[in-house]
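Read the structure below first, then the notes.
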Amino acid sequence: MNKGVWFFEEVDLYDILCPYKYNDHLKSHPLSCYNKTDFLFMEGDPVREIYLVAEGRVKIGFYDKEGNEQVIAFLGRGEILGEKALFGENRHKEFAQAVADHTLICKLRVEKAQELARDYVPFSLTLTKRFGERMGRLERRLQILLFKDARQRLVEFVKDLCRDIGTPYRTGVKITLEITQSDIAALIGASRKTVSLLFTDLEEAGMVKFFGRKEIYVPNLEALV
DNA sequence: GCATTAAAGAGAG
DNA sequence: CTCTCTTTAATGC
């Protein structure tokens, strides 16, 4: 299993929470629904809850000195955010923003999460496992960023997109982009200009094809190098 | 960095 | 609610 590096894997930690969720949690804390561009929290907000993405997608980032937005990651279904709260962080260092409509978030108060981690073994095991996996992905991502050129980084990024959010289409895979080229540029450590040029190259080489601005079609994943 | 084009938003019918 | 005009944002060179 070699899952995405740039977009975090979509697994069902959700399942793990379900037994708990449906008992008493859901009644008192229904899922919150966010629309595109709604913020879950901002930089510097006090940390009160950890969040579980039940549906949709969330962007994590911060603003640099010049006020430019810097994207760190996109999180999909099953991913946790704000989990550093469990290690004592009390202010968010990043903002979290929904990038899809109907993004459903299950919120869990920090104390509750700690209680759950203590009393409910599967929950705590899953947390541990996921931190390990996340570490592994970060290592791989770091290696790609350090040792590959911009073109390879973009290619790896697109491949991961295919794995994570791709749907079969004709002979290959289709991806619906909910992010812009500057977001991609930030994620792979390239300039927006480079990303734009590289995409044009890849399209000319027939490795990818764009439908409008929102969809990429990859005819053959193997041939994408 | 600027020109083109697409998407989002506002306003009218 | 839907169509169209205006504004804003994304892309490509």
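Each chain gets a letter, A, B and so on, in the order the sequences are listed, and its residues count up from 1.
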Original post:
How about A/Y51 and A/F41: are their ring centroids closer than 6.0 Å?
Top reply: yes
Subject >> Heavy-atom protein contacts under 4.0 Å, nucleotides 7-13 of chain C, coded B base, S sugar-phosphate only, - none >> reply: ---BBBB
Subject >> Centroid-centroid distance, A/F95 to A/Y63, less than 6.0 Å >> reply: yes
Subject >> NZ on A/K59 to OG1 on A/T103, rounded to 0.5 Å >> reply: 12.0 Å
Subject >> A/D160 side chain to A/F157 backbone, donor-acceptor under 3.5 Å >> reply: no
**OP:** Hey, could you give me the CD1/CD distance between A/I175 and A/E178, rounded to the nearest 0.5 Å?
**Re:** 10.5 Å
